[in-house]
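Below is one structure, written out as C-alpha cells; the observations come after it.
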Amino acid sequence: MIKRINGKEYEYWQYRESGRQITKRIKGEELEILRKQIEERKRLEAMLKADNSPKLPVAIVDEAVVGHSVLTDSFIRVGDELKEFSAPVRDYKKRDCFSKLKDYLYSPVNDRVFILYGLRRTGKTTMIRQAIYDMDADKLSKTAFIQVNDGDDISSLNKYIRELEKSGYRYLFIDEVTRMDDFIEQAALFSDIYASSGMKIVLSGTDSLGFLFSQDEQLYDRAIMLHTTFISYGEFERVLGIQGIDNYIKYGGTMSLGGVNYNQMPTTFSNVKSTNEYVDSAIAHNIQHSLKNYQYEGHFRGLADLYEKGELTNVINRIVEDMNHSFVLEVIQRAFVSHDLGITRNNLRKDKKAPSDILDDIDTSMVTERLMAKLDIHDVNGKTAIVETTHMNEVKEYLLLLDLIDTIEVVSSSGSDKNKERIVFTQPGLRYSQAEALVSSLLQDDLFRDIGIKDRLRITERLLDEVRGRMMEDIILLETKKAFPDKEVFVLQFPVGEFDMVVFDRGSISCQLYEIKHSDKIVSEQTRHLVDKEKCEYVQKQYGDIVGKCVIYNGVSSCENEIQYINAEYYLNNLNKE
C-alpha cells in the first residue's frame with residue numbers, strides 16, 4: 001500500500017501474522033524483492049487452483065511473501081510446468097553419463113544425494129530435463145524442480161523441502177544450488193535429513209569446487225558425484241551429430257555447438273571474446289566464489305593477497321591464458337625450427353635473409369604482449385599483480401579439480417628422475433580459440449609486412465595446421481589415459497625424435513608404440529621411429545614386449561609393412577569398446 005505523508009509517497013507492506021495486522025515501511029532493494037515474492041505467491045496460488053496440477057503445500061504459498069529469509073527469486077516447477085520444462089529436450093540424445101543419474105533415481109539407494117556438477121554449458125540442466133521427461137505419470141506427480149538464485153539460503157530452501165516432503169514429493173531436483181553462500185557449510189541437510197528419509201535429491205551447479213569442498217566436509221561419503229566437464233570426441237560426434245576431429249579441436253568442450261541433436265546456439269569458442277568471457281565466468285569466478293564460501297574465507301592460502309586486492313579473478317584468467325600461450329609458442333617455435341613453412345628466400349625481405357634467420361629475429365615477447373592486448377585480459381581498472389610461482393601452482397591445482405586440465409607425462413630416455421609433463425585442456429575449443437588469436441597476432445608483426453597477402457595466409461594456415469596436429473596428439477593421449485586407467489600412457493623422448501604415445505601395461509609387461517600424424521597421407525617418414533632398431537631395443541628393455549606398432553592419422557585404416565594405420569576418429573570412437 002502507499003501512504004502520502006507531507007506531500008510525499010511512501011511504500012508500506014501490510015500483512016497478518018498470528019491474527020494481528022502488521023504494517024511495515026518498505027524501501028530500496030527490499031521493495032523490489034517483495035514485489036517478486038508477491039508475483040511468486042500469485043503464481044503458486046494459481047497452481048493450487050489448477051485441477052490438472054499436483055497440489056503444492058499451502059504452507060509454501062503462505063511463506064512465499066513472509067519474512068526476508070524466503071527464497072528471493074527462486075521458483076518451483078511441478079505438474080504441467082514440469083512437462084513444459086522438459087518437453088524441448090525430448091529429441092536430444094543423451095550423454096554417456098546419463099545412465100548414472102537414472103540408476104540413482106530408480107535404485108534403492110538411500111542416505112545419499114546425487115551431485116551433478118561441471119563447468120557451464122556441459123549439459124547439466126539438460127540431463128535433469130531429460131530425466132524428468134522420461135518419468136511416468138506417477139513419479140512425475142511426486143517430482144519438483146527448484147531453481148536457486150543469488151541471495152537464497154539454506155534455511156529458506158529447507159522450509160520449501162520440508163513442506164514438499166510432507167505432501168508426498170519424493171523426487172527433488174535443485175539447480176544452481178551452489179549460488180547459496182551457505183551451501184558448503186550446510187550441505188549435510190540434504191543427505192542427513194531428506195535423503196535418509198527416502199527422498200531422491202539431485203543437486204546441480206556450476207561451482208564445481210563448491211561441490212568438492214562440500215563432499216570433503218559436509219557430504220563426506222553421503223554423495224554420488226557425477227562430473228560433466230569432460231566431453232570426449234565420441235560424445236561430441238554422437239550427441240551433437242557433428243563429425244570430424246578438426247571440428248572437435250575447434251569447438252569441443254561444451255554442449256552448446258549448434259548441431260542437429262543438441263542445444264541450438266552458437267559455439268562457446270567461436271571467437272576470442274566469447275572464449276574469454278567463458279574463462280572469466282565459468283572458471284575464474286567459479287574458483288573465487290567457491291573459495292570465498294569455504295571455511296569462512298579461510299582457504300585462499302597463497303591466493304589470499306590477490307583476493308584482498310580484488311585481483312584474483314583477473315589473475316586466474318591470465319594464468320589460464322598463459323598456459324595456452326606457452327603451448328602455442330612451443331608449437332610455433334617447433335615449426336620455425338623445422339624450417340618447413342615453404343618460404344623461399346625471395347619471398348622475404350630485400351636483404352634475402354634465410355628463412356631460419358628471419359624467423360629467429362621474431363620478437364616472441366612482443367607477440368605475446370600483442371596477443372594479451374588483443375584478448376583484453378588485463379584488468380579493466382588497470383590493476384597489476386605479480387603472478388608468483390605459488391599463485392600458478394595453486395591455481396593449477398584448482399584447474400585440475402575442475403577437470404579443465406589434465407597432465408601427460410613426458411619421459412626421457414636419458415633416465416632422468418624428473419620427467420616433464422604436458423598440460424592438456426579437456427575443452428580443446430578453448431585452447432584452439434586462443435591459439436588462432438596468437439597466430440593472427442603473429443602475422444601482424446612488422447617482420448611479415450613485406451610478405452604478400454597470399455603467402456601470409458599460407459603461413460597462417462601452416463602454423464594452425466601445426467597447432468591442430470599437436471592438439472590431436474594431446475586429445476588422443478588424454479582419451480587413451482582416461483580409457484585405460486590401469487595402464488601408463490606417456491610420451492617417450494630420445495636425444496633425436498620421440499614416440500608420440502607409449503601405452504605400457506605393467507601387468508603383462510608389454511607395450512604399444514604409436515605415432516600420431518595430422519595427415520591423411522601414408523608416407524614412409526611417419527614410421528621412421530617405429531622401425532628404428534635402437535629405439536625399439538631400448539623400449540623392450542624398459543617396458544617389455546612390443547605388442548603393437550601403429551600410426552594414428554586422418555586417413556583410411558590399413559596396414560603397411562606390418563605397421564597398422566588407424567583412422568583417428570575410428571580410434572577415439574572405439575577406445576571404450578576394447
Side-chain angles (χ1 to χ4, degrees), residues 232-234 245-246 248-249 330-331 334 406-413 419-424 426 428 465-578:
S232 68
Y233 172 78
I245 187 68
D246 281 353
Y248 181 66
I249 288 170
E330 178 188 340
V331 173
R334 184 173 69 176
D406 206 326
T407 58
I408 300 296
E409 191 175 20
V410 180
V411 178
S412 172
S413 65
N419 293 323
K420 296 185 295 183
E421 65 179 20
R422 285 188 188 178
I423 294 178
V424 180
T426 61
D465 189 64
E466 288 282 336
V467 170
R468 289 190 291 268
R470 170 62 183 273
M471 288 188 66
M472 190 171 103
E473 290 179 24
D474 288 350
I475 288 165
I476 289 171
L477 282 159
L478 175 64
E479 295 209 22
T480 304
K481 175 183 174 180
K482 287 181 174 292
F484 302 110
D486 56 333
K487 298 180 182 179
E488 297 175 31
V489 179
F490 54 91
V491 179
L492 179 58
Q493 290 185 335
F494 297 92
V496 177
E498 68 180 26
F499 288 130
D500 294 332
M501 181 169 72
V502 177
V503 179
F504 173 43
D505 186 339
R506 191 174 291 275
S508 63
I509 315 179
S510 64
C511 65
Q512 292 178 294
L513 307 179
Y514 295 86
E515 290 292 317
I516 304 169
K517 305 300 176 186
H518 188 254
S519 168
D520 60 359
K521 303 290 191 301
I522 295 178
V523 294
S524 59
E525 185 72 6
Q526 295 166 339
T527 62
R528 67 187 186 281
H529 299 314
L530 293 176
V531 298
D532 187 307
K533 183 178 179 181
E534 187 175 334
K535 289 182 174 65
C536 290
E537 287 178 350
Y538 172 85
V539 168
Q540 287 177 314
K541 183 177 180 180
Q542 299 297 325
Y543 305 107
D545 297 334
I546 300 173
V547 296
K549 296 180 180 180
C550 306
V551 176
I552 300 175
Y553 79 135
N554 292 332
V556 178
S557 298
S558 64
C559 183
E560 297 283 333
N561 299 322
E562 298 183 353
I563 303 292
Q564 292 291 324
Y565 277 77
I566 305 174
N567 177 268
E569 293 158 23
Y570 175 86
Y571 176 84
L572 292 170
N573 272 320
N574 288 275
L575 262 178
N576 293 310
K577 298 176 182 178
E578 296 183 8

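Along the sequence shown, residues carry numbers from 1. Remember, it's a predicted structure, so these values are computed and weren't measured experimentally.
With rounding to the nearest 0.5 angstrom, the OH atom of Tyr514 is 10.0 Å from the CD1 atom of Ile476. The NZ atom of Lys521 sits 10.0 Å away from the OH atom of Tyr553 when rounded to the nearest 0.5 Å. Taken to the nearest 0.5 Å, the CD1 atom of Ile546 stands 4.5 Å off from the CG atom of Leu513. Taking CD1 from Ile408 and OG1 from Thr480, the interatomic distance works out to 8.5 Å, rounded to the nearest 0.5 Å. If you take CD on Glu569 and CE on Met472, they are separated by 9.0 Å, rounding to the nearest 0.5 Å. Residue Met471 holds its CE atom at 11.5 Å from CD of Glu473, rounded to the nearest 0.5 Å.
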message: side-chain contact (heavy atoms from CB on, under 4.5 Å), that's the test. Do His518 and Asp246 meet it? Break it down for me.
response: CA-CA 10 Å; His518 188 254; Asp246 281 353; 2.8 Å; yes
field: side-chain contact (heavy atoms from CB on, under 4.5 Å) assessment of Ile475 paired with Leu478
entry: CA-CA 5 Å; Ile475 288 165; Leu478 175 64; 5.9 Å; no
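Dense packing is recorded around CG of Asp486, with more than 12 heavy atoms of other residues, nucleotides or ligands lying under 6.0 Å away. Environment of OH in Tyr570: sparse, with no more than 12 heavy atoms of neighbouring residues, nucleotides or ligands closer than 6.0 Å.
When all heavy atoms of Ile566 and Cys550 are compared, the closest pair comes out as CD1-SG, 4.0 Å. Taking each heavy atom of Ser510 and Val547 in turn, the nearest pair found is CB-CG1, 3.8 Å. Of all the heavy atoms in Cys559 and Gln564, the pair that sits closest is SG-NE2, 3.6 Å. The shortest non-hydrogen separation linking Val491 to Leu477 is CG2-CD1, 3.8 Å. Residues Ala568 and Ile552 come closest through the heavy atom pair CA-CG2, 3.6 Å. When all heavy atoms of Gly544 and Cys511 are compared, the pair lying nearest together is O-SG, 4.2 Å.
Under the 4.0 Å criterion applied to side-chain N and carboxylate O atoms, Glu479 and Lys482 are not assigned as salt-bridge partners. With salt bridges taken as basic N to acidic carboxylate O contacts below 4.0 Å, none links Asp532 and Arg528.
Two residues are said to be in side-chain contact when any heavy atoms from C-beta on lie closer than 4.5 Å; Asn561 and Thr527 fail this criterion. Residues Glu515 and Gln526 form no side-chain contact, since every pair of their non-hydrogen atoms from C-beta on lies 4.5 Å or further apart.
For the side-chain contact (heavy atoms from CB on, under 4.5 Å) test with Thr407, the passing option among Lys420, Arg422, Lys481 is Lys481; the others fail.
Using bins of under 30°, 30° to 60° and over 60° for the plane-to-plane angle, the ring pair Tyr248/Tyr233 lands in the perpendicular bin.
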Expected list for residues 498-506: side-chain donor-acceptor pairs under 3.5 angstrom, two or more places apart:
residue, atom, partner, partner atom, Å
Glu498, OE1, Gln493, NE2, 3.2
Asp500, OD2, Ile516, N, 2.8
Asp505, OD1, Gly507, N, 3.0
Asp505, OD1, Ser508, N, 3.3
Asp505, OD2, Ser508, OG, 3.3
Arg506, NE, Glu488, OE2, 2.9
Arg506, NH2, Glu488, OE2, 2.6

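Side chain of Glu537 to backbone of Glu534: no donor-acceptor contact under 3.5 angstrom is found. With Ser557 contributing its side chain and Asn567 its backbone, the two residues share a donor-acceptor pair below 3.5 Å.
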